[in-house]
Amino acid sequence: SVGAVALDAQGRTAVALSTGGITGKLPGRLGDSALPGCGFYADDNVGTVCCTGHGEMIMRAALAQRIISAISRGERPQKACQEGLDFMRLRLDGYGGVIAISASGGIGLSFSAFRMPWAYRTTDELHYGIEKGD
Amino acid sequence: TKPMLIVHAGASKIPDELCMAYLRGVREAANSGFIAMMESKSARDGVEAAVMAMENNPLFFAGTGGALNLEGKVECDAAIMEGRTMKAGAVGGVKTVRNPIRAARMVMDKSDHVLLVGEGAEKFAARNGLPAVDNSNLITEYALKNFKKNQVFNRSIHNSYSAWYQRFCPIQNPCCCLSSLFRRSIRMKLYIKTHFPHLSDRASSKEVTSKTDLKRICSTPAMDGSCD
């Protein structure tokens, strides 16, 4: 799957994502990408989150809602993303990745899967990576 | 507020030889999304443009190049949400839409619903100006190669499942008396461990205690670490 989160100059947040699912999936299978609170969420008062990975595990963990709730309790986005992925891995043996921006402009970017290509753009910067530690 | 945009292209076992192409793709998507956001002064347009750029990139598993389902068809899901009004739009299981994210945007802007799926979503997209495309136009070599690899994996499991069935099933094989469930599950686990070492961690005795369990494990797609 592919996804994007954004915060514009007026402080509005938005998230978009799209996926072809899993190779060999049963016809009719829907993943987390179409479900608010599982694959994605956006609330100008808190921030915006976009998840990717094992769709079934992300749905069962309600991963986006879990991360948004942590950020609304004052958690930093990076830590909230990491803790959400740890929960999914330890509780459901599920792997994936998350990108997030909080309403105050904090960044969260984490993944427990093997690799996740990402890129982060502001007015004067462009960062990108694919391995852990990039 | 300092405007910013982040994109990702999926979290999974990306092969070494494709890393540079993936990085180029996410950089292009971040740039096109950010430019669209600055021009329209709307985060919504920015994320839609970024995802469309990645859907049109045949390397990424979304839109053109999406993963193939068990019938060998591309079947996509997409969603968009904005934080001011918390309106959302999503489509699921669409096969004839080149950019599912545009259909999701139309669901958010032009309908009272959040999620439309299948044929209804495809008709809604066509009514709102997204021309239907033939599913074969969305299939790429790379997705087809993954699909064939997945098919071989599943077929090998099914063949071995039937071999196991011939060998251990009491009905097919009278000399194999109706042993206790415990002995049978141990035998089955041993069988999987020898023939499918990479499956055996999932075929723990609590999980595999009957033929139906083994069939269920064999029939689920090859979750070889692949993700959505």
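Chain A is the first sequence line, chain B the second, and so forth, proteins listed ahead of strands; every chain is numbered from 1. All heavy atoms count here, side chains included; hydrogens, waters and symmetry mates do not.
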Side-chain heavy-atom pair [X], [Y] within 4.5 angstrom cut-off:
| X | Y | result |
| --- | --- | --- |
| A/F40 | B/I80 | no |
| B/V47 | A/V15 | no |
| B/M4 | A/I101 | yes |
| B/K73 | A/P27 | no |
| A/L26 | B/N69 | no |
| A/Q10 | B/T1 | no |
| A/T19 | B/C76 | no |

I need the minimum non-hydrogen distance between [X] and [Y], along with the two atoms involved.
| X | Y | answer |
| --- | --- | --- |
| B/P3 | A/A9 | CB-N, 4.0 Å |
| B/S12 | A/A113 | N-CB, 4.0 Å |
| A/I22 | B/A67 | C-CB, 3.8 Å |
| A/V2 | B/F60 | CG1-CB, 3.7 Å |
| B/L115 | A/A34 | CD1-CB, 3.8 Å |
| A/F114 | B/I14 | CE2-O, 3.8 Å |

ask   = Is A/E125 paired with B/K2 through a side-chain N to carboxylate O contact shorter than 4.0 Å?
value = yes
Honestly, the part of A/L35 sitting under 4.5 Å from a heavy atom of chain B is side chain
Cut-off 4.5 Å, heavy atoms of chain B, and the answer for A/L126 is side chain
- prompt: Going through the distances and angles, do B/Y22 and A/R115 end up as a side chain to side chain contact (heavy atoms under 4.5 Å, CB included)?
  reply: CA-CA 11 Å; B/Y22 266 86; A/R115 282 181 170 137; over 6 Å; no
Quick one: pull up [atom1] in [X] and [atom2] in [Y] and give me the separation to the nearest 0.5 Å.
| X | Y | atom1 | atom2 | value |
| --- | --- | --- | --- | --- |
| B/N99 | A/S18 | CG | OG | 8.0 Å |
| B/Y142 | A/T23 | OH | OG1 | 9.0 Å |
| B/H8 | A/I130 | NE2 | CD1 | 13.0 Å |
| A/T13 | B/M81 | OG1 | CE | 8.5 Å |
| B/I6 | A/I99 | CD1 | CD1 | 5.5 Å |
| A/W118 | B/R27 | CH2 | CZ | 11.5 Å |

Winner by heavy-atom pair count (cut-off under 4.5 Å) against chain A, out of [options]:
| options | value |
| --- | --- |
| B/E75, B/E82, B/R44 | B/E75 |
| B/M52, B/M86, B/M38, B/R84 | B/R84 |
| B/A29, B/G25, B/S42 | B/S42 |
| B/G92, B/A9, B/G63, B/G93 | B/A9 |
| B/C19, B/A104, B/P100, B/A143 | B/C19 |

For [X], which atoms come within 4.5 Å of any heavy atom of chain A: side chain, backbone, both, or neither?
| X | result |
| --- | --- |
| B/V114 | side chain |
| B/L68 | backbone |
| B/T85 | neither |
| B/N31 | both |
| B/M37 | side chain |

| message | With a 3.5 Å distance limit and no angle check, can you tell me whether B/E48 reaches the backbone of A/A16 through a side-chain donor-acceptor pair? | response | no
- Task: Kindly say whether B/S32 contributes a backbone atom to a donor-acceptor pair with the side chain of A/R121 at under 3.5 angstrom?
- Result: no
Does [X], at its [atom1] atom, have more than 12 non-hydrogen atoms belonging to other residues, nucleotides or ligands within less than 6.0 Å?
| X | atom1 | result |
| --- | --- | --- |
| B/K145 | NZ | no |
| B/E119 | CD | no |
| B/D112 | CG | no |

*Verdict with supporting geometry, A/V5 and B/L5, side chain to side chain contact (heavy atoms under 4.5 Å, CB included)*: CA-CA 6 Å; A/V5 290; B/L5 182 137; over 6 Å; no
Ranking A/G97, A/P117, A/G11, A/G39 by heavy-atom pairs under 4.5 Å to chain B gives rank one to A/P117
By residue number, those in residues 42-51 of chain A with heavy atoms under 4.5 Å from heavy atoms of chain B are A/A42, A/D43, A/D44, A/C50, A/C51
